[in-house]
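This report refers to the structure that appears directly beneath it.
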Number of protein chains: 2
Amino acid sequence: MLKGDLMSLPNKSTPDLQSCPIRDVLDRIGDQWSFLILLELQDGVRRFSELNRAIDDVSKQMLSRTLKRLEQDGFVHRQLYPEIPPRVEYRLTELGRSFLVPLNALVAWADAHHSTIRNCRKTYDAAP
Amino acid sequence: MLKGDLMSLPNKSTPDLQSCPIRDVLDRIGDQWSFLILLELQDGVRRFSELNRAIDDVSKQMLSRTLKRLEQDGFVHRQLYPEIPPRVEYRLTELGRSFLVPLNALVAWADAHHSTIRNCRKTYDAAP
DNA sequence: CGGCATCCCCAGAGATACTG
DNA sequence: CAGTATCTCTGGGGATGCCG
């Protein structure tokens with residue numbers, strides 16, 4: 001039952017975080033914006049400003065940084081049209097699309113269990 | 001295709017992060033330790049010190065804080081045995097176990113695509 | 001329009017020490 | 001053993017402004 005995968009989690013004797021797949025991946029896309037961008041791109045191509053508007057509480061600074069990292073890791077493809085004014089389009093790569101599967105599973109789980117979690121918090125906080 | 005779920009992602013007009021399930025959930029378990037703890041607990045009951053040893057680069061400070069949050073959110077059950085010296089056992093709740101499904105999907109994905117990602121980074125960084 | 005550079009600031013992680 | 005308390009400090013994110 002994923003024993004093999006878990007064995008590749010050994011924090012023991014592997015001070016290098018990069019060597020642990022899940023830690024390496026989550027350190028990159030576990031931030032506040034990455035997954036929102038990926039979800040936004042799942043419907044197709046988006047321009048920078050479109051993403052900025054779609055995720056309305058992200059600054060263009062963070063959007064820029066996050067997109068660059070996603071591009072760097074191969075989740076996203078960046079296409080520049082050298083027009084004036086410049087136009088840039090972002091789309092998911094094959095890798096990025098494949099990531100949508102586990103990501104959407106997570107979204108579905110969160111959606112299904114959110115109210116339960118919120119109730120747990122209330123109960124917990126109500127206790128002395 | 002999960003359109004319904006995506007519509008519940010609207011950052012627009014919902015300044016309250018709590019109201020977005022996936023953001024709320026990921027803000028809590030998207031940190032560096034939560035998912036490692038959950039994975040460690042999937043094999044059964046663990047004592048505090050066992051977790052501390054299993055995840056060898058977590059401080060007991062952070063382990064304690066993270067466990068408390070996981071308990072608060074209902075992922076983990078904490079059982080105190082009032083002995084001397086004290087003994088505390090942690091185990092997954094039903095909710096916690098259900099979360100293992102999407103989590104393990106993510107682990108499997110990371111495991112399968114980690115080398116691809118690392119190659120992408122190299123290629124990207126090599127480019128001028 | 002897209003995106004860096006710069007400055008600032010604070011939540012959060014580490015270190016250390018103490019307690020039931 | 002299983003935490004909590006306090007302090008410190010850093011790095012990641014916001015705000016602002018400039019550039020091609």
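All values below come from the heavy atoms of this structure, side chains included, with hydrogens, waters and symmetry mates left out.
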Per-pair distances, 0.1 Å, donor-acceptor, side chain in residues 61-71 of chain B, under 3.5 Å, sequence neighbours excluded:
from  : atom 1 : to    : atom 2 : distance (Å)
B:T66 : OG1    : B:M62 : O      : 2.6
B:R69 : NH2    : B:R28 : O      : 3.1
B:R69 : NH2    : B:D31 : OD1    : 3.3

Would you call [X] and [Y] a side-chain contact if the rule is heavy atoms closer than 4.5 Å?
X: B:I37; Y: B:V58; result: no
X: B:H114; Y: A:I22; result: no
X: A:H113; Y: B:S98; result: yes

**Asked** Does C:dG3 have OP1 or OP2 sitting under 4.0 Å from an N or O in the side chain of A:Y90?
**Response**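 Result: yes.
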Could you state the [atom1]-[atom2] distance from [X] to [N], rounded to the nearest angstrom?
X: A:R46; N: C:dC1; atom1: CZ; atom2: P; answer: 17 Å
X: A:L67; N: C:dG2; atom1: CG; atom2: C1'; answer: 11 Å
X: A:L63; N: C:dG2; atom1: CG; atom2: C1'; answer: 10 Å
X: A:E83; N: C:dG3; atom1: CD; atom2: C1'; answer: 17 Å

**Prompt:** Applying the side chain to side chain contact (heavy atoms under 4.5 Å, CB included) test to B:L36, which of B:D57, B:L51, B:I55 qualifies?
**Reply:**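 Among B:D57, B:L51, B:I55, the one meeting side chain to side chain contact (heavy atoms under 4.5 Å, CB included) with B:L36 is B:I55.
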**Request:** Would you kindly confirm whether B:F48 and B:I84 end up in one hydrophobic cluster when ILVMFWY residues are joined by side chain heavy atoms under 4.5 Å apart?
**Result:**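 Cluster IDs for B:F48 and B:I84 differ.
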**Salt-bridge criterion met for B:E50 and B:R53 (N-O under 4.0 Å)** =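 Answer for the salt bridge query: no.
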**Message:** Test of understanding: with side-chain hydrogen bond (donor to acceptor under 3.5 Å, both in side chains), list the residues that count as partners of B:H77, not counting sequence neighbours.
**Reply:**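 B:H77 satisfies side-chain hydrogen bond (donor to acceptor under 3.5 Å, both in side chains) with no other residue.
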**Request:** Sugar-phosphate means primed atoms, P, OP1 and OP2; the rest is base. With that split, encode nucleotides 5-20 of chain C 5' to 3' as B, S or - using protein heavy atoms under 4.0 Å.
**Result:** BB------BSB----B
N/O donor to acceptor pairs below 3.5 angstrom from side-chain atoms of residues 86-93 of chain A, sequence neighbours left out:
from  : atom 1 : to    : atom 2 : distance (Å)
A:R87 : NE     : A:E83 : OE1    : 3.4
A:R87 : NH1    : A:E89 : OE2    : 3.0
A:R87 : NH2    : A:E83 : OE2    : 3.0
A:E89 : OE1    : A:Y81 : OH     : 3.1
A:E89 : OE1    : A:R91 : NH2    : 3.4
A:Y90 : OH     : A:R78 : NE     : 3.4
A:T93 : OG1    : A:G74 : O      : 2.5
A:T93 : OG1    : A:F75 : O      : 3.1
A:T93 : OG1    : A:L95 : N      : 3.3
A:T93 : OG1    : A:G96 : N      : 3.0

**Asked** If we fit an axis to the first five pairs and another to the last five of the helix from C:dC1-D:dG20 to C:dG20-D:dC1, what angle do they make, to the nearest 10°?
**Response**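 Axis-to-axis angle, ends of the helix: 50°.
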**Request:** Keeping the roles fixed (side chain from A:D24, backbone from A:C20), state whether a donor-acceptor pair exists under 3.5 Å.
**Result:**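 No; zero donor-acceptor contacts below 3.5 Å.
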**Request:** For A:Y81, answer base if it contacts any base atom (sugar-phosphate contacts may also be present), sugar-phosphate if it contacts only those atoms, and nothing otherwise; contact means non-hydrogen atoms under 4.0 Å.
**Result:**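 Contact class for A:Y81: none.
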**Request:** At the 4.0 Å heavy-atom cut-off to chain A, mark where contacts on DNA chain D begin and end, going 5' to 3'.
**Result:**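 Using the under 4.0 Å cut-off, the span is D:dG13 to D:dG20.
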**Request:** For side-chain contact (heavy atoms from CB on, under 4.5 Å), just list the numbers for A:F35 and A:V107, CA-CA rounded to whole Å, side-chain angles, deciding distance to a tenth of an Å, and then say yes or no.
**Result:** CA-CA 10 Å; A:F35 73 95; A:V107 171; 5.7 Å; no
